[in-house]
J.: 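Please see the structure below; I have some questions.
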Amino acid sequence: MMETRTREEIVRACGYLVTRGWVANHDGNASAKSSPQRYLCTPGATHKSVIRAQDLLVTDAAGKQLSGRGKTFSEYALHLAVYRSRKDVRAVIHAHPPFATALGASGRELVTFLPEAVVSLGAKVPLVPLAAPGAAAAKALEPFLSGHDAVLIAGNGVFAWGDDIEQALLRLELVEHLATIATQAQVWGGPQPLPQEMVAALLEARKKAFPSKG
């Protein structure tokens, strides 16, 4: 029953990514842990609008495919790196929302300038250097996993993770929302940073809301 629900949540998330215009062609991917040694993931080389619950692949914790037609996507190593480093994480989503992706492609991280967002995402959404798909990309991501729940990857959009698919998707959505505001705020000189004492208090609130970060 739990796996059935998780499959449905992944499919709904894929549909949402398509509706928002955050994926194109075969862009984007999603995965979720259905048990300690069983993971569901979207198939590679498949448009997210046509994915059905029965199309999802099943792998073990090492990425070995256990069932499903097709192959895992090329960025699956990054998802597995998140699961290895963050035992509290049960879902990972990757997409290319335009404003956040443009920010990362420009070599910039996203400093969190709204108080509510600090609690959800931390003081910033860091920029991970671009690396070749596979082990190199996973190694580049690993230093950013502790304490962060979303990252920009230079030239490769946004990765976000959480307790479940919904939380991962909400975090990805918030990253794009902040990036959109930051871009539009450039007309007036860019968003102003929050006072450091406020950020410190908000980060303490974040620790209480999300106590497990590694």
Side-chain angles (χ1 to χ4, degrees), residues 1-18 22-97 128 130-146 148-153 155-172 175 212-214:
M1 180 64 72
M2 179 178 177
E3 183 167 309
T4 298
R5 183 169 63 251
T6 302
R7 285 176 179 268
E8 293 170 349
E9 290 170 351
I10 292 174
V11 172
R12 283 197 296 271
C14 288
Y16 187 73
L17 296 177
V18 172
W22 294 348
V23 292
N25 197 278
H26 299 154
D27 285 358
N29 36 69
S31 68
K33 185 187 296 187
S34 63
S35 73
Q37 293 297 320
R38 189 174 173 88
Y39 296 75
L40 301 170
C41 71
T42 51
T46 307
H47 195 280
K48 300 303 166 290
S49 65
V50 302
I51 292 177
R52 303 166 298 171
Q54 60 266 37
D55 297 326
L56 300 179
L57 310 182
V58 179
T59 80
D60 64 15
K64 179 182 178 181
Q65 189 168 328
L66 304 177
S67 67
R69 299 178 63 181
K71 297 181 179 180
T72 56
F73 46 87
S74 62
E75 293 155 331
Y76 197 38
L78 281 75
H79 290 237
L80 295 177
V82 176
Y83 294 124
R84 284 195 302 270
S85 295
R86 293 286 300 274
K87 303 305 181 183
D88 57 310
V89 169
R90 297 187 61 86
V92 182
I93 296 181
H94 166 53
H96 295 164
V128 179
L130 184 64
K139 185 176 181 180
L141 174 63
E142 286 171 357
F144 299 89
L145 295 175
S146 179
H148 297 289
D149 293 314
V151 297
L152 306 178
I153 294 187
N156 198 21
V158 182
F159 277 80
W161 45 86
D163 294 339
D164 52 28
I165 285 291
E166 180 182 11
Q167 188 177 67
L169 184 61
L170 287 172
R171 285 170 171 163
L172 189 148
V175 171
S212 179
K213 290 295 170 195

J.: For E166, does the CD atom sit with more than 12 other heavy atoms under 6.0 Å from it, leaving out its own atoms?
T.: no
J.: Determine whether N29 and H79 make a side-chain contact, defined as any pair of heavy atoms from C-beta on separated by less than 4.5 Å.
T.: yes
J.: Contact between V128 and F159 at the side-chain level, heavy atoms closer than 4.5 Å - yes or no?
T.: no
J.: Nearest 0.5 Å, please: how far is OH in Y83 from CZ in R90?
T.: 9.0 Å
J.: Please round to the nearest 0.5 Å and tell me the distance separating atom CG of L170 and atom CG of D149.
T.: 12.0 Å
J.: Run the ring pair (Phe, Tyr, Trp, His ring centres under 6.0 Å) test against F144 and tell me which residues pass, sequence neighbours left out.
T.: none
J.: State, with a plain yes or no, whether a side-chain heavy atom of T6 is found less than 4.5 Å away from one of D164.
T.: no
J.: Search all heavy atoms of A140 against all heavy atoms of A131 and return the closest pair with its distance.
T.: CB-CB, 4.2 Å
J.: Do any N or O atoms from the side chain of Q65 and from the backbone of G70 form a donor-acceptor pair under 3.5 angstrom?
T.: yes
J.: Can a donor-acceptor pair be found between the side chains of N156 and E75 at a distance below 3.5 Å?
T.: yes
J.: My understanding is that only residues two or more places apart in sequence, or in another chain, count here; which of them pass salt bridge (charged side-chain N to carboxylate O under 4.0 Å, His left out) with R84?
T.: E142
J.: Which value, rounded to the nearest 0.5 Å, describes the distance between R7 atom CZ and L40 atom CG?
T.: 5.0 Å
J.: Would you say that L66 contacts Y39 through its side chain, given a criterion of any heavy-atom pair below 4.5 Å between the two side chains?
T.: no
J.: What's the shortest heavy-atom distance between L78 and A137, and which atoms?
T.: CD1-CB, 3.5 Å
J.: If you take all heavy atoms of H96 and G157, which pair is closest and at what distance?
T.: CD2-CA, 3.7 Å
J.: Please walk me through it: do R171 and V158 pass side chain to side chain contact (heavy atoms under 4.5 Å, CB included)?
T.: CA-CA 10 Å; R171 285 170 171 163; V158 182; over 6 Å; no
J.: Quick one: CG on L130 to CD1 on I153, what's the gap to the nearest 0.5 Å?
T.: 8.0 Å
J.: State the CG-CG distance between L141 and L80, to the nearest 0.5 angstrom.
T.: 11.5 Å
J.: Answer yes or no: is there a side-chain heavy-atom contact under 4.5 Å between Y16 and W22?
T.: yes
J.: Search all heavy atoms of A168 against all heavy atoms of A91 and return the closest pair with its distance.
T.: CB-O, 4.0 Å
J.: Out of curiosity, W161 CH2 to H94 NE2, how far, rounded to the nearest 0.5 Å?
T.: 12.0 Å
J.: Please output the side-chain donor-acceptor pairs of residues 48-62 that fall under 3.5 Å, not counting sequence neighbours, one pair per line with the distance.
T.:
| unit_1 | atom_1 | unit_2 | atom_2 | d |
| --- | --- | --- | --- | --- |
| K48 | NZ | H26 | O | 3.4 |
| K48 | NZ | D27 | O | 3.1 |
| K48 | NZ | G28 | O | 2.9 |
| K48 | NZ | T46 | O | 3.0 |
| S49 | OG | H47 | ND1 | 2.7 |
| R52 | NE | D55 | OD2 | 3.1 |
| R52 | NH2 | D55 | OD1 | 3.1 |
| D55 | OD2 | R52 | N | 2.8 |
| T59 | OG1 | Y76 | OH | 2.7 |
| D60 | OD1 | A62 | N | 3.0 |
| D60 | OD1 | G63 | N | 3.0 |
| D60 | OD1 | K64 | N | 2.8 |

J.: Within the structure provided, determine whether L17 and I93 are in side-chain contact (heavy-atom separation under 4.5 Å).
T.: yes
